[in-house]
Amino acid sequence: MQRMHIHGGRRLSGRIPISGAKNAALPALAATLLTGETVSLRRLPNVVDIRTMTRLIANIGSNVEQGGEGLSVQASGDLDPTAPYELVKTMRASSLVLGPLAARCGRARVSLPGGCAIGTRPIDMHLAGLRALGATIRQDRGYIEAVAPRNGLIGGRVSFRRPTVTGTEDLLMASVLAKGESVLENAAREPEVVDIASMLRKMGACIEGEGTSTIHVQGVDQLHGADHAIIPDRIEAGTYLIAGAMTGGELTLEGSRPDHLRPIITKMRQAGCEIEEKDNGELVVRNDRALISVDVTTREHPGFPTDMQAQFMALMTQASGASNVVETVFENRFMHALELQRMGADIEIGGNLAIVRGKTALTGTDVMASDLRASACLVLAGLVARGRTVVHRIYHLQRGYEGLAGKLTAAGASIEIVDE
Ligand code: EPU
């Protein structure tokens with residue numbers, strides 16, 4: 001196990017390249033299972049979750065080859081439509097193979113994901129959706145088995161109880177090969193959903209309405225190979241925007257999509273951060289003004305993303321006044337607040353509301369990362385804390401941020417990775 005030592009108090013300046021989005025790359029890898037032809041994926045981030053998903057599809061029977069700019073995947077021949085416990089337990093997004101496998105193989109067997117640090121995170125909506133497409137679902141010894149009718153999945157109406165990102169992606173992948181038309185209602189509108197729809201369309205799928213709450217899919221008999229570049233990671237970009245705003249100086253983010261970052265940029269500007277959007281898509285954050293508190297409530301896209309809540313809370317510890325941070329997507333996503341308190345932050349928690357009072361001088365100490373975004377929040381706090389912050393369990397960070405320590409160090413941060 002590794003930990004991260006951060007010596008706080010340095011201004012950051014320089015250029016940070018933004019990697020491909022983990023949460024778009026995961027369904028993209030699952031979607032390669034929908035065809036026997038070769039699918040080339042570019043701009044996959046080099047992070048542990050992507051390596052886990054790659055292992056999962058290889059385990060199912062895909063031939064995965066490293067190409068110059070990415071991966072070539074071919075899922076031809078015999079496939080074993082199983083996602084075993086050993087892989088699912090390390091990554092809940094493994095359930096993304098349910099839809100593609102049920103569609104392509106007529107059967108999927110996926111281990112039920114266990115508990116999670118940010119909430120209960122059931123997959124009931126994925127299963128209800130597959131049932132609406134004619135699949136029979138049963139649970140057996142910790143595994144979910146979805147079996148399509150003899151002639152394959154049948155188009156149907158899937159009405160999500162609430163928008164679910166991977167649920168929408170899973171059902172989109174299931175319905176592209178189903179017979180007839182499917183309608184996904186109350187669908188998630190995140191940029192990652194739009195990206196997987198555009199990749200599926202390149203593979204021959206017939207989809208309309210992605211990015212809105214209603215997606216129409218006309219099933220086709222088969223899909224073909226394609227070449228797809230993953231969208232830039234909006235949460236990674238948002239995290240570095242906050243790093244720049246908290247530490248002062250000037251950071252330029254290369255290769256981001258400002259249109260995907262709208263809710264983040266808007267809130268940061270309200271807090272007094274200066275963010276420039278250049279014509280070439282670069283984002284520049286500079287900050288020499290005092291930050292002011294703003295309230296934030298997480299919502300599904302186009303609302304403020306829950307995956308930026310922890311980082312925004314770190315920013316609010318450096319703003320004057322009281323900020324109400326409300327988490328509405330997951331029920332238990334304030335673990336980082338307790339660690340921030342240990343660094344000297346003034347945060348009061350009641351249910352899904354955290355009141356952050358600033359500005360507080362943070363002090364470096366030992367802190368424990370509980371999930372990916374909580375870890376990012378603690379790194380951000382460490383960048384401005386007095387003395388040394390030691391972030392334990394940084395494997396969470398390595399699951400989703402490509403080269404975070406290297407990128408921040410190149411911009412002037414003092415960070416070391418140390419073996420425990
Ligand atoms: N939910 C259910 N039943 C379901 C599915 C979801 O009750 O069948 C609930 C969840 O428990 C949650 C809400 O619906 O309360 C929304 O969850 P959603 O399904 O949208 O989350 P997800 O698809 O499991 C993805 C991202 C998460 C991100 C959320 C919300 C991937 C691989 N993961 O998860 O990313 O927080 O959407 O935007 O895309 C991260 O990257 O750190 C991360 C946790």
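Computed from a predicted structure; not experimentally measured. Atoms within each ligand, like the ligands themselves, are counted from 1 in listed order.
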Which of the atoms of ligand 1 are close to [X], meaning less than 4.0 Å from one of its heavy atoms?
| X | value |
| --- | --- |
| Val329 | 12 (C), 13 (C), 15 (O), 16 (C) |
| His126 | 8 (O) |
| Leu26 | 32 (C) |
| Ile123 | 4 (C), 8 (O) |
| Arg161 | 2 (C), 3 (N), 7 (O) |

Please classify the Glu192 to ligand 1 contact at 4.0 Å (heavy-atom distances, strictly less than): side chain, backbone, both or neither.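 The answer is neither; Glu192 stays 4.0 Å or more away.
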Under 4.0 Å, heavy-atom basis, I'd like to know which part of Leu372 is in contact with ligand 1: side chain, backbone, both or neither.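 The answer is the side chain of Leu372.
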Should [X] be listed as contacting ligand 1, given a heavy-atom distance under 4.0 Å as the test?
| X | result |
| --- | --- |
| Lys22 | yes |
| Arg333 | yes |
| His301 | no |

Where is the nearest protein heavy atom to [atom]: which residue, which atom, and how far?
| atom | result |
| --- | --- |
| atom 5 (C) of ligand 1 | Pro122 O, 3.3 Å |
| atom 30 (C) of ligand 1 | Thr306 CG2, 3.7 Å |
| atom 28 (C) of ligand 1 | Asp307 OD2, 3.3 Å |
| atom 11 (O) of ligand 1 | Arg121 CA, 3.4 Å |
| atom 33 (N) of ligand 1 | Asn23 ND2, 3.6 Å |
| atom 21 (O) of ligand 1 | Phe330 CZ, 3.8 Å |
| atom 22 (P) of ligand 1 | Thr166 OG1, 3.5 Å |
| atom 25 (C) of ligand 1 | Val165 CB, 3.9 Å |

Will you find, in the side chains of [X] and [Y], an N or O donor that is under 3.5 Å from an N or O acceptor?
| X | Y | result |
| --- | --- | --- |
| Lys278 | Thr252 | no |
| Tyr143 | Arg138 | no |
| Glu192 | His301 | no |

[Y] backbone acceptor or donor facing [X] side chain under 3.5 Å:
| X | Y | result |
| --- | --- | --- |
| Gln341 | Ile347 | yes |
| Gln270 | Val294 | no |
| Lys22 | Asp233 | no |

Reference residue Thr247; test side chain to side chain contact (heavy atoms under 4.5 Å, CB included); the match among Leu380, Asn287, Leu12, Leu408: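 Filter result, single survivor: Leu12.
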Flag side-chain contact, heavy atom, 4.5 Å: Leu172 against Val217: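 Yes, side chains in contact.
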Over 12 non-hydrogen atoms of neighbours within 6.0 angstrom of CD in Glu254: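 Yes.
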More than 12 foreign heavy atoms under 6.0 Å from CD of Glu65: is that the case here?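 Check fails, neighbour count at 12 or below.
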State the CG-CD1 distance between Leu101 and Ile57, to the nearest 0.5 angstrom.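 Those atoms lie 10.5 Å apart.
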Worked check of salt bridge (charged side-chain N to carboxylate O under 4.0 Å, His left out) between Arg262 and Glu277: CA-CA 11 Å; Arg262 199 52 59 212; Glu277 298 175 39; 2.8 Å; yes
So for ligand 1, is Met125 a polar contact partner (N or O within less than 3.5 Å, distance only)?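 Yes; the residue has a nitrogen or oxygen that sits under 3.5 Å from a nitrogen or oxygen of the ligand.
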